Structure formats: structure tokens, C-alpha cells
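These notes are about the structure you will find just below.
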Amino acid sequence: MQIQFLGAAGTVTGSKSVVRYDGHAILVDCGLFQGVKHYRERNWADLPIPVDEIEAVILTHAHLDHSGYVPVLARQGYRGPVYCTPGTRELCAVLWPDAAHLQEEDAAYANRKGFSRHQPAQALFTLADAQQALGLLREVDFDQLLPLPGGLQGHFSPAGHIIGAACLSLLWRDQSIVFSGDVGRPLDPIMRPPRPLTAADVLVLESTYGDRLHTHEDVADRLSTLIRRTAARGGKLIIPAFAVGRAQTILYLLCQLRDARRIPALPIYLNSPMAVKATEIFYHHADEHRLQASDVEKLRHTVNYVESTQDSIALCGRPGPMIIVSASGMATGGRVLHHLRQALPDPHSAVLFIGFQAPGTRGDLLVRGATTIKLLGMDIPVRCHIENMASLSAHADQQEMLTWLASLARPPRLTLINHGEPTAADALRACLKRQLGYEARVAEHLQTIDLQAYLGGD
Ligand SMILES: [Zn+2]
């Protein structure tokens with residue numbers, strides 16, 4: 001058995017690994033590269049495996065950096081099954097058509113402005129490709145055995161990262177190859193903790209925060225101080241957030257603060273049609289999160305949902321104080337750009353980042369103190385207050401990862417570290433070796449690793 005990393009090696013996006021065994025080939029995760037152009041261009045490169053050789057695709061969760069390449073595969077003619085949990089399927093049905101829409105808009109914009117490598121500019125995938133891809137999804141419940149070609153079996157266990165997120169075990173002749181996917185946190189405000197691992201002969205482990213510890217700060221305290229100060233200045237608080245996951249977490253915290261009268265009764269807007277739909281999906285998966293139905297109901301009543309483009313434009317024209325939660329989380333695109341254009345030059349306003357900011361993205365530049373930023377074709381001066389609360393991340397930090405792994409009865413024979421910037425991945429590798437005695441390696445882009453020596457039995 002061999003594994004080849006087609007993405008998320010040396011970076012945090014483009015998760016895609018091909019597993020080859022006995023003449024069979026399956027893909028684990030099928031994500032888009034996101035962030036800076038250098039990586040996004042990889043979405044246009046041919047895969048090193050012909051599409052008709054892929055017999056099955058398995059998704060750990062719905063975030064586009066793990067699932068968003070499935071419509072591209074469908075565009076290239078893939079018609080095999082794409083296995084995922086029910087929650088992942090529901091979220092993909094929200095995320096993929098929206099991503100297709102953005103791709104089509106970007107291509108049309110490039111054609112109007114006359115800049116593109118392709119003449120005419122093309123969308124990476126279209127709405128029709130997204131619909132085709134949605135038709136390939138096959139639901140597999142947590143803990144239900146999934147038969148795969150050649151006698152391989154799959155198994156999903158809850159990863160606590162977002163609704164539907166799973167760790168995938170591939171069971172092969174009494175051995176297990178475990179893909180962690182994105183690992184959630186033991187004490188997330190809304191998600192239940194990841195289930196402890198019980199066995200892994202080979203482990204493919206994410207390392208987004210492999211070199212960091214989240215601060216154990218009083219999130220409610222810091223958030224309420226920021227909101228009260230911004231409101232007193234009459235400014236707007238803009239919170240860029242991933243539509244799926246972090247948007248719901250921050251809204252829940254805002255509702256709690258408002259109920260406890262720790263913040264003034266400002267209007268709270270959720271300006272992202274995707275995030276609105278993703279919030280509704282919480283109703284269907286009560287066993288995966290900590291919210292009561294009444295909490296989800298409260299979100300509905302406390303938050304003003306903005307769906308149409310006209311309402312989004314009207315919101316930009318409205319004076320503060322107010323709180324606006326909008327996607328995308330790293331300010332790489334989406335409606336949040338229009339709110340940032342207004343808020344960044346305004347010393348009364350504030351911007352709060354709450355998730356991982358990939359190097360080179362606008363979110364990263366702002367968090368690191370940029371004084372001007374390129375946005376919607378303009379150079380925008382940054383005069384507003386910028387804050388970053390990584391403690392609200394949906395990824396386990398270094399220590400939380402070690403604690404999660406501590407339940408393994410014996411160390412994996414090999415741990416392959418992916419889904420992290422090089423320094424984060426290497427720090428986690430060194431830490432696993434030092435503290436747990438693991439044989440761990442950092443995965444490299446397009447590298448193939450033969451697992452046979454590690455799967456030979458005891
Ligand atoms: Zn994720």
C-alpha cells in the first residue's frame with residue numbers, strides 16, 4: 001500500500017491524498033488550494049493520477065479545502081462514489097454551488113477586465129459541475145463500516161471540528177491507516193470534542209497549529225470589551241468568519257453576551273447566505289454539537305440574516321454601531337470585502353479575526369499590522385482597530401493534539417504530518433518524537449510513501 005500527497009503538504013489547503021493498494025486507487029479528501037495565487041494555481045494543474053483510475057473518493061469534512069475539488073473531478077468525468085457523513089453531505093450542498101457561483105463570477109469579471117491566463121477566462125468549475133458532483137455523494141453514518149474496492153473498509157469517527165467532520169480509518173488486513181482530517185478541540189463553545197483514537201498503525205495527522213498553544217483567555221471578557229469600546233466610538237465591528245463553523249460559534253457567543261447584558265443591544269448581522277443555511281443545518285445534527293434546539297432558535301431571533309445582494313449593499317450604507325459577521329474568514333473574497341473597504345479606513349471601527357489566517361492572505365497581512373491593503377482593486381489605508389483571537393479556532397493546538405493522541409494503546413508505526421505550514425508541521429513532528437516517541441515525518445507535496453514496511457503485522 002502506498003500513499004501520495006497531492007495537497008495539504010507544506011501548506012494548509014488542497015487536502016488530497018491518493019491511496020494505492022493491490023491495483024486499486026482511492027482518494028482521501030479532495031480539496032481546493034486556497035489563499036495566495038501560487039497555491040491557487042495548483043487547482044488548474046492535472047492530477048498525477050488519471051481520473052478514470054480513481055475508484056472512490058472519501059471526504060473527512062465539508063470545508064472547501066477538503067471537499068471543493070470534487071466538482072472539478074466531476075467536470076473531468078469522474079462518476080464514482082464520493083463517501084461522506086450525512087452532515088458533510090448537507091454542508092457540501094450549501095458550499096459547492098456557492099463556490100461555483102464565485103468561480104463563474106470571477107471568470108466573467110476577468111473577461112470584462114481582460115486579464116486571464118485562459119482566453120476566454122474559464123471557471124474552475126460551474127454550477128452544473130457542482131450539481132453533478134452533489135449527485136455522487138453517498139452518505140455513511142459514523143461507526144458504519146464502509147466497504148471499499150479490494151476488501152478495504154472505511155470507518156468514520158467524530159472529529160469535533162465542524163458538523164459532519166470525521167477522522168477516517170481505513171481498515172486493511174487487521175491494520176489501520178487513520179486520516180485525522182481536521183481535529184477539533186476538547187472545549188469548543190459549540191462542538192462536541194473529537195472522539196479519542198483507539199488504534200492507528202499508520203497515522204496521517206493535521207498540524208495547522210502544530211507549533212502553537214491557544215491562549216486560555218476569557219473569550220467572553222475580551223469580546224465584550226472590544227464590542228463596548230467599538231460601540232462607544234459609534235463604529236462597526238466586522239468579524240470575517242468561515243461560513244461553516246466559526247460563524248455559528250461567534251454568533252452563539254454574541255447572543256450569550258447580549259442575554260447577559262454584557263454588551264449593548266447593537267444590531268448583529270450575519271451577512272453570508274451560506275452561513276445562514278449552515279446555521280439551519282445545526283437543527284439536524286443535535287448529537288454532534290452542544291447547542292440546545294432553543295439556542296439555535298435564539299440565534300435565529302437575535303441575529304439579522306442578510307441574504308440578498310440588495311440587502312447586503314444596503315447594509316454597507318447603514319451607519320454604526322453594529323456587528324457584522326461575514327465570509328470569507330481570511331478576507332480572501334466574499335461579501336466581507338465590501339464591509340472591510342468601509343471599516344478599514346475608519347478609526348472608529350474594528351475588525352476581529354477568529355480563525356487561522358494562511359500566510360499571504362489579507363487576513364494574515366492585517367493581523368501582522370499592514371498599514372494599507374489591496375482590496376477590490378484599490379489600496380485601502382488601515383486605520384481601524386484590528387484584533388485576532390486564535391483562541392476561537394476550530395483546530396486543536398499542539399498540546400490538545402498530544403492529549404487527543406494519548407488514548408492510543410501503542411504509538412503508530414509511522415505518523416505522516418500534513419495540513420500545516422512547514423514550521424508548524426516540523427514542530428509537531430519534533431514534539432511527537434520527543435514526548436511520545438513517535439516515528440514521524442513531514443509529508444512533502446507529491447511525495448509517495450510506501451506503507452508496506454509499516455503494515456506488516458506485529
Ligand atoms: Zn476544516
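Every number for a ligand or one of its atoms is a count from 1 in the order of the listing. Just so it is clear, the model here is predicted, and its values are computed rather than measured. The first residue in the sequence is number 1, and the count goes up from there.
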Measure the spacing between CD of E139 and OG1 of T85 and express it to the nearest 0.5 Å.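 Reported value, rounded in 0.5 Å steps: 8.0 Å.
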Value rounded to 0.5 Å, distance of CG in L436 from SG in C431: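 Answer rounded to 0.5 Å: 7.0 Å.
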For the side-chain contact (heavy atoms from CB on, under 4.5 Å) test, which of L47, L64, D29 pairs with Y69?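 When side-chain contact (heavy atoms from CB on, under 4.5 Å) is applied between Y69 and each of L47, L64, D29, only L47 qualifies.
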Check L455, L451, D201 against L414 for a side-chain contact (heavy atoms from CB on, under 4.5 Å) and give me the one that passes.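 Single side-chain contact (heavy atoms from CB on, under 4.5 Å) partner of L414 among L455, L451, D201: L451.
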Under the ring-ring contact (aromatic ring centres under 6.0 Å, His included) test, which residues partner H214, sequence neighbours left out?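 With neighbours one apart ignored, the set is Y209.
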Near the Zn ion (ligand 1), which protein N/O/S atoms fall under 2.8 Å?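 Under 2.8 Å from the Zn ion (ligand 1) - ignoring waters, which are not counted - the protein N, O or S atoms are H61 NE2, H63 ND1, H161 NE2, D182 OD2.
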Between R222 and D218 (salt bridge meaning N to carboxylate O under 4.0 Å), is one present in this structure?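 Answer for the salt bridge query: no.
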